[in-house]
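Order of the sequence lines fixes the chain letters, A, B, ..., with proteins taken first and strands second; residue numbering starts at 1 for each chain. Please read these numbers as outputs of a predicted model, since none were measured by experiment.
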Number of protein chains: 2
Amino acid sequence: MDLRTLETLRAVRSQGGVTAAAAVLHLTPSAVSQQLAGLTAEMGVPLTERVGRGLRLTPAGTALADAAVDVAVAVERARAACQGHRDSPVGTVRVSAFQSAAQLVFPRLLDAVAGWDGVTLECADEDVALADFPDLTDRFDVVVAHRPDGAADWPPGVRVVPLFREPLDVAVSPGHRLAGRAEISPEELADEAWITVREGFPVAPVLAAVAARSGAAPRIAHRINDFTVATAMVAAGHGISLLPRHTTPAFPGVRLLRLTGVPAGRRVEALLRPDRAERRVVARVVGVLTELAAEIDHRAGRGV
Amino acid sequence: MDLRTLETLRAVRSQGGVTAAAAVLHLTPSAVSQQLAGLTAEMGVPLTERVGRGLRLTPAGTALADAAVDVAVAVERARAACQGHRDSPVGTVRVSAFQSAAQLVFPRLLDAVAGWDGVTLECADEDVALADFPDLTDRFDVVVAHRPDGAADWPPGVRVVPLFREPLDVAVSPGHRLAGRAEISPEELADEAWITVREGFPVAPVLAAVAARSGAAPRIAHRINDFTVATAMVAAGHGISLLPRHTTPAFPGVRLLRLTGVPAGRRVEALLRPDRAERRVVARVVGVLTELAAEIDHRAGRGV
DNA sequence: AGGTCCATGTAGCCAGTCTGCAAGGACAGT
DNA sequence: ACTGTCCTTGCAGACTGGCTACATGGACCT
């Protein structure tokens, strides 16, 4: 019954297998398997069961993994209680963000942390499908994620810190027939060629909702995940796109038209594993993140 | 940051030193010292400080030890969550009780547990001064302790399960001038020679309270901790004593007279460390203990 | 000043755990 | 139906980490 072993069990659950868990934990599958075997022997109850060529946790294993979260939280709380008697929190914080938020946030975050002694920030851009964001919390302390309006909540077990809401606008090229307009309604977009993200990625459902208002299925010409690329393609007149108002890169000539009649936006949030959230450094970094978010919100006139 | 290391820190705090903690943990002082050094290095804060030739926890160390209790509780809760998916709780439970309770409780407890597969009960009689009972919880899962009426509560951090209250009666020999009486008031005992327990032991303050009612300081002839010995001496006419009604050994001719006008009694309670209390076997044993206690209470007509 | 007790270093041993490799199943495609 | 691939698991070997035994250095007491 070791802290590392419990951590391993949780990784096996969240990653859904020995090999994947081993990758996250920087171990070999053999080591993970042996830890599981040892833990099972100690508990006297089977914790895992084979399913196909993979592995799944039994009810007992799930119960133990759930309880292991509380253990990890208690441990980090203990660490924090100790660090509280120290001048300032220190350590390394790993932060991931999806591309557009990364561009907006990472530079300022690094600026803010530059003056903190003993604090190292490791940034990484990770843009994944909506359902895969929570899993990133195994590899990062803070995961900046986004979620379209109306999407389901994040699964329980992950701590969510709201950062800001960002409206999605319709981006058109300077030469487009609607380029002179400031606002646009979904009905006027029925025949447009769309540039949108890959299936399953966070803003896709919003386009579906907009299209539903126009009556017809949207005509999707290209699937581009990187908003910078998408913006360049819009600028060149290869289609229109639904782009976030604040984080869309300034690109000469691209016009952003406000959508009327349908709430189109996404929520940007920080995702943390509860135990990681207890670390004082992590909490401090999240604090800076929320400050930055408030700035963005404010500068944007609190969105639409 | 290991579970064993945190356990060590707690032992150092509760035992008040490296050597004592090592004894409780079945380790050498050197091992304990090294664990402390490692933990201190990891935390980056001094956790202990020298005081005289001994050792004391710093505020940071105390905070960590406090938090470590929650960790231990979470761990045992995890273990219990897992055992819940098993047919029945198993393991070894170490129980201590002071002499008279041991005599009353241990045989029946062992009877009750005899039928449980996989459960081993290790009994030990430990009669210590009032203030030392909580420390026993480091060495035993369940500590049956007693505490006179009106005594201070047990310190925080120890879990208390009430078992029963036991009135204290005045024991006299058959030839004593009061032997025919059923009740007695403190005032009538002013000139008696008392046989009582050693200073600091649980029923001592009750005698002081009784004597206070009689006006004069009690004349203490002998200090005997073992109630069986005390009873034998009372029977032989060497003094009178304040003895618990239910657990006083049946001794030919000794009369128990009820005290009037002053509440004289002791509370018998089970003391547990919070993490130990989470173990399902332990909880089950405590359950049997409380049942036995209810029987005793009932058979005694709920005391006075 | 000597004796005793306590905490703390140091050397060496031992155990637990990880890596690397091999084997056994299970699914998918030919 | 068979082969190939993927995943988990078992086994031998290396290694890191922790513990014991012993020695050292203070602090209290007589």
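- Salt bridge annotation for B:E278-B:R79: absent, with no cationic side-chain nitrogen under 4.0 angstrom from a carboxylate oxygen.
- With a cutoff of under 4.0 Å to any heavy atom of chain A, the contacted region of DNA chain C is bounded 5' to 3' by C:dC18 to C:dC27.
- Between A:F133 and A:W154, the two ring planes are perpendicular [angle over 60°; tilted spans 30° to 60°].
- For the side chain to side chain contact (heavy atoms under 4.5 Å, CB included) criterion with B:I195, the lone passing option out of B:I224, B:L207, B:I220 is B:I224.
- Between B:R159 and B:E269, none of the side-chain N atoms (NZ, or NE/NH1/NH2) sits under 4.0 Å from a carboxylate O, so this pair counts as no salt bridge.
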query = If the sugar-phosphate is the primed atoms plus P, OP1 and OP2 and the base is the rest, what is the B/S/- string for nucleotides 13-30 of chain D, using protein heavy atoms under 4.0 Å?
reply = ------BBB-----BB--

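- No cation-pi contact links B:R219 to B:W194, judged by a cut-off of 6.0 Å to the six-membered ring centre and 45° from its axis.
- The number of heavy-atom neighbours closer than 6.0 Å to CZ of B:R77, taken from other residues, nucleotides and ligands shown, is 12 or below.
- In this structure, A:G38 reaches neither bases nor backbone, as no heavy-atom distance under 4.0 Å exists between it and the strands shown.
- Here B:E7 does not pair with B:R4 in a salt bridge; the nearest charged N to carboxylate O distance is not below 4.0 Å.
- Between A:D138 and A:Q15, the side chains place a donor N or O and an acceptor N or O closer than 3.5 Å (distance only, hydrogens not considered).
- Remark: P of D:dT9 and CG of A:L39 are 13 Å apart, rounded to the nearest angstrom.
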